[in-house]
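Quick notes on the structure that follows.
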Amino acid sequence: MDIILTQWALDTYLELVRSRVFDAQEYKMQIRPDVLLLRDYPNDSKFGVQKFWSPAGSIPGGFKMKWHQVGSGNVQLRLGVGVWSDAILCEGYVKRGAKAEARKLARLKTHMQLVVKGRYTKCGKIK
């Protein structure tokens, strides 16, 4: 399965880096290797761990990758992913409470609808 990087995902990655949510070491050692697991979805056992991977509400094909205690602020990091024949990285964010999470899931639903219509910017593939 290819891992497609959208403009939304790239923009939020750059914002998270700028905000120092995580550092380069944490990205290289934890976040990126986990994202690369999407190549073999659903065959890696980590996709069966609810604390790491879960459906994104009732969005068909929508999932959340989750990391806990990230960075010096010990935040909960999330990445919205659409899974079809490819994995589409939609938007990363820091979980800040139930209402904010609901808004992010609504955005993920909108992003996924736009992907289905082909109305998104593909920035490349994660290799």
**Asked** Are Glu101 and Lys104 ion-paired here, with the side-chain N under 4.0 Å from a carboxylate O?
**Response** no
**Asked** When hydrophobic residues are tied together by side-chain contacts of less than 4.5 Å, even through go-betweens, does Val115 share a cluster with Ile4?
**Response** yes
**Asked** Any side-chain heavy-atom pair from His68 and Gln76 closer than 4.5 angstrom?
**Response** yes
**Item:** Among Ile31, Leu38, Leu77, side chain to side chain contact (heavy atoms under 4.5 Å, CB included) partner for Met65
**Value:** Leu38
**Prompt:** What's the spacing between Lys66 NZ and Asp34 CG if we round to 0.5 Å?
**Reply:** 13.0 Å
**Request:** Can you label the angle between the Phe52 ring and the Trp67 ring as parallel, tilted or perpendicular, going by 30° and 60°?
**Result:** perpendicular
**Asked** Going through the distances and angles, do His111 and Ile88 end up as a side chain to side chain contact (heavy atoms under 4.5 Å, CB included)?
**Response** CA-CA 10 Å; His111 288 156; Ile88 311 291; over 6 Å; no
**Complete:** Distance col, row Leu16:CG vs Glu91:CD, nearest 0.5 angstrom, shows 9.0 Å
**Item:** Residues which pass salt bridge (charged side-chain N to carboxylate O under 4.0 Å, His left out) with Asp44, listed by chain and number, not counting sequence neighbours
**Value:** none
**Complete:** Between Ser58 and Pro60 the two heavy atoms that sit nearest each other are O-CD, 3.2 Å
**Item:** Distance, nearest 0.5 Å, that separates CZ of Phe22 from CE of Met29
**Value:** 15.0 Å
**Message:** Using modelled atom types and a 3.5 Å cut-off, is there a donor and acceptor pairing between side-chain atoms of Glu26 and backbone atoms of Gly71?
**Reply:** yes
**Request:** Kindly work out whether a path of hydrophobic side-chain contacts (I/L/V/M/F/W/Y, heavy atoms less than 4.5 Å apart) joins Trp8 to Val21.
**Result:** no
**Hydrophobic cluster membership, Val83 vs Ile59, 4.5 Å side-chain cutoff** = no
**Complete:** Shortest non-hydrogen pair, Thr6 vs Leu89, comes out as OG1-O, 2.6 Å
**Prompt:** Measuring from Met1:CE to Trp84:CH2, what's the distance to the nearest 0.5 Å?
**Reply:** 11.0 Å
**Atom pair OH/NZ of Tyr93 and Lys64 - distance to nearest 0.5 Å** = 5.0 Å
**Prompt:** Quick one: ring-ring contact (aromatic ring centres under 6.0 Å, His included) partners of Phe47, sequence neighbours excluded?
**Reply:** Tyr41, Trp53
**Asked** Under a 4.5 Å side-chain heavy-atom rule over Ile, Leu, Val, Met, Phe, Trp and Tyr, are Tyr120 and Leu79 clustered together?
**Response** no
**Polar side-chain atom of Ser54 near backbone of Gln50 as donor-acceptor pair, under 3.5 Å** = no
**Asked** Which heavy atom of Ala56 sits nearest a heavy atom of Leu105, and at what distance?
**Response** CB-CD2, 3.7 Å
**Pairing residues for Lys122 by the salt bridge (charged side-chain N to carboxylate O under 4.0 Å, His left out) criterion, not counting sequence neighbours** = none
**Item:** Leu36 versus Ile3, closest heavy-atom pair with distance
**Value:** CA-CD1, 3.9 Å
**Message:** Hydrophobic cluster membership, with links at side-chain heavy-atom distances under 4.5 Å among I/L/V/M/F/W/Y: are Val70 and Val81 in one?
**Reply:** yes
**Asked** How far does SG of Cys123 sit from CG of Asp11, to the nearest 0.5 angstrom?
**Response** 7.5 Å
